[in-house]
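Below is one structure, written out as structure tokens; comments come after it.
Everything quoted here is computed from the prediction, not taken from an experiment.
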Amino acid sequence: SIQKNASKPKQKAKQKKRTNSFPAIATLVVVAMLVIGVFAFNLLFPSTYFKDDFSDSQTTQSQWSQMYGVWTLDQGAYSCQIDQNGCLALVNKTPSGDFSMQVDVRGDKGTDRAVYFGELDKQKSYMLLLRSDPVNQVSIVQIVNGQPNKEIAQTGLNLSNGKWYNVQLLINGRSISVKIDNQIVLQTIIPDSSPDFQGQVGLGIPTNSDGIISVASFDNFEIILQK
């Protein structure tokens, strides 16, 4: 009878140990759900890295570096007239990883205006080139200092001066997608095995040889990091 009574406390101890494991499992489940929830939130709601609606001249002056051209703020738009080097204004922050940009673009005079990315010390960059009537073309161009510009991909698209277009550029690894007014117009994969998009981004007008003093305007610029 003594052995029989001694076995009961051992049985209760085992039951108590089994019962205490449930809070630990529940904690792990909660932590896992939180991690999944944060990951899903980042996918659904990427974070804004940089934004400028050009409504405040002091903010724009502090956030941009004007490299070439004559830049002015006019009625909430950032406008540029080319000089002998073209037009280029760079954001003073450099995004990393996959990201997207969007901006409203209007051609005021001439055919060309551009969104730049991967700008590294004026040595190399990429350009989303928008060319209005009569050229009517959208293209991705690689620029390397001392070498001819290399067109990577292009498509025809009717673009008119005096009209605003919402332009979105999405970069995911080697893949680049371009949307105009929320419609995909161009998709390509950069042939370079390891393209370097880690550089400054900006707005402007490339140099041209047609003798036209090109003018373009930009508004509602935003960089969004894809987590």
Can you name the residues that form a side-chain hydrogen bond (donor to acceptor under 3.5 Å, both in side chains) with Thr59, not counting sequence neighbours? Asp56

Given the rule in the side chain to side chain contact (heavy atoms under 4.5 Å, CB included) test, do Gln168 and Val178 qualify, once you have shown the distances and angles that lead to the verdict? CA-CA 6 Å; Gln168 298 179 60; Val178 179; over 6 Å; no

About how many Å separate CZ of Phe218 and CG of Asp104, when rounded to the nearest 0.5 Å? 11.0 Å

Minimal non-hydrogen separation, Trp71 against Cys87, with atom names: CZ2-CB, 4.2 Å

Strictly distance-based, threshold 3.5 Å: is any side-chain N or O of Asp98 a donor or acceptor partner for the main-chain N or O of Leu225? no

If you round to the nearest 0.5 Å, how far is CG of Leu73 from OG of Ser57? 6.5 Å

Is it true that Val215 and Phe221 fall in one hydrophobic cluster, defined by side-chain heavy atoms closer than 4.5 Å? no

For Lys150, side chain to side chain contact (heavy atoms under 4.5 Å, CB included) partners two or more places apart: Gln142

When rounded to the nearest 0.5 angstrom, what is the spacing between CG in Leu128 and CD1 in Ile171? 9.5 Å

A side-chain contact here means heavy atoms from C-beta on lying under 4.5 Å apart; do Gln102 and Val167 qualify? no

What residues, two or more places apart in sequence or in another chain, satisfy side-chain hydrogen bond (donor to acceptor under 3.5 Å, both in side chains) together with Thr72? none

Interatomic spacing from OG in Ser100 to CD1 in Ile176 - rounded to 0.5 Å: 12.5 Å

With a 3.5 Å cut-off and sequence neighbours excluded, list the donor-acceptor pairs that the side chains of residues 78-86 form with protein atoms.
| from | atom 1 | to | atom 2 | distance (Å) |
| --- | --- | --- | --- | --- |
| Tyr78 | OH | Gln66 | NE2 | 3.0 |
| Ser79 | OG | Ser217 | OG | 2.6 |
| Asp83 | OD1 | Asn85 | N | 2.8 |
| Asp83 | OD1 | Gly86 | N | 3.3 |
| Asp83 | OD2 | Gly69 | N | 3.0 |

In terms of side-chain heavy atoms, does Asn220 have a donor or acceptor partner in Asp53 at a distance below 3.5 Å? no

Roughly how far apart are Ser55 OG and Gln75 CD, rounded to 0.5 Å? 13.5 Å

Which pairs of donor and acceptor atoms, one on a side chain in residues 179-188, lie under 3.5 Å apart (sequence neighbours left out)?
| from | atom 1 | to | atom 2 | distance (Å) |
| --- | --- | --- | --- | --- |
| Asp181 | OD1 | Asn166 | N | 2.9 |
| Gln187 | NE2 | Ser177 | OG | 3.4 |

Is the count of non-hydrogen atoms from other residues, nucleotides or ligands lying under 6.0 Å from Lys51 atom NZ greater than 12? no

Is there side-chain contact between Val201 and Pro95, with heavy atoms separated by less than 4.5 Å? yes

Residues which pass side chain to side chain contact (heavy atoms under 4.5 Å, CB included) with Ala114, listed by chain and number, not counting sequence neighbours: Tyr116, Met127, Leu129, Pro206

Kindly write out the residues that satisfy ring pair (Phe, Tyr, Trp, His ring centres under 6.0 Å) with Phe117, not counting sequence neighbours, or none if the list is empty. Tyr126, Phe197

Apply side chain to side chain contact (heavy atoms under 4.5 Å, CB included) to the pair Asn172 and Gln226, showing each step before the final yes or no. CA-CA 8 Å; Asn172 185 5; Gln226 307 295 326; over 6 Å; no

Just list the side-chain donor-acceptor pairs under 3.5 Å for residues 134-141, sequence neighbours left out, or say none.
| from | atom 1 | to | atom 2 | distance (Å) |
| --- | --- | --- | --- | --- |
| Asn136 | OD1 | Asp133 | N | 3.2 |
| Asn136 | OD1 | Leu159 | N | 3.1 |
| Asn136 | ND2 | Asp133 | OD1 | 3.2 |
| Gln137 | NE2 | Glu151 | OE2 | 3.4 |

Sequence neighbours excluded - ring pair (Phe, Tyr, Trp, His ring centres under 6.0 Å) pairs with any residue from residues 135-165: none

My understanding is that only residues two or more places apart in sequence, or in another chain, count here; which of them pass salt bridge (charged side-chain N to carboxylate O under 4.0 Å, His left out) with Asp108? Arg106

Backbone N/O of Glu119 and side chain of Gln200: donor-acceptor pair under 3.5 Å: no

What are the two closest heavy atoms between Tyr49 and Thr94, and how far apart are they? OH-O, 3.1 Å

Verdict with reasoning, Val103 to Asp219, per side chain to side chain contact (heavy atoms under 4.5 Å, CB included): CA-CA 6 Å; Val103 62; Asp219 200 1; 6.0 Å; no

Working to the nearest 0.5 Å, report the span between OG of Ser65 and CG of Leu88. 9.5 Å

Considering residues at least two apart in sequence or located in another chain, which fulfil the side chain to side chain contact (heavy atoms under 4.5 Å, CB included) criterion with Asp52? Phe50, Phe54, Thr60, Gln63, Trp64

With sequence neighbours excluded, tell me which residues meet side-chain hydrogen bond (donor to acceptor under 3.5 Å, both in side chains) with Ser132. Arg113, Asn161

Any donor-acceptor pair under 3.5 Å from Asp112 side chain to Arg131 backbone: no

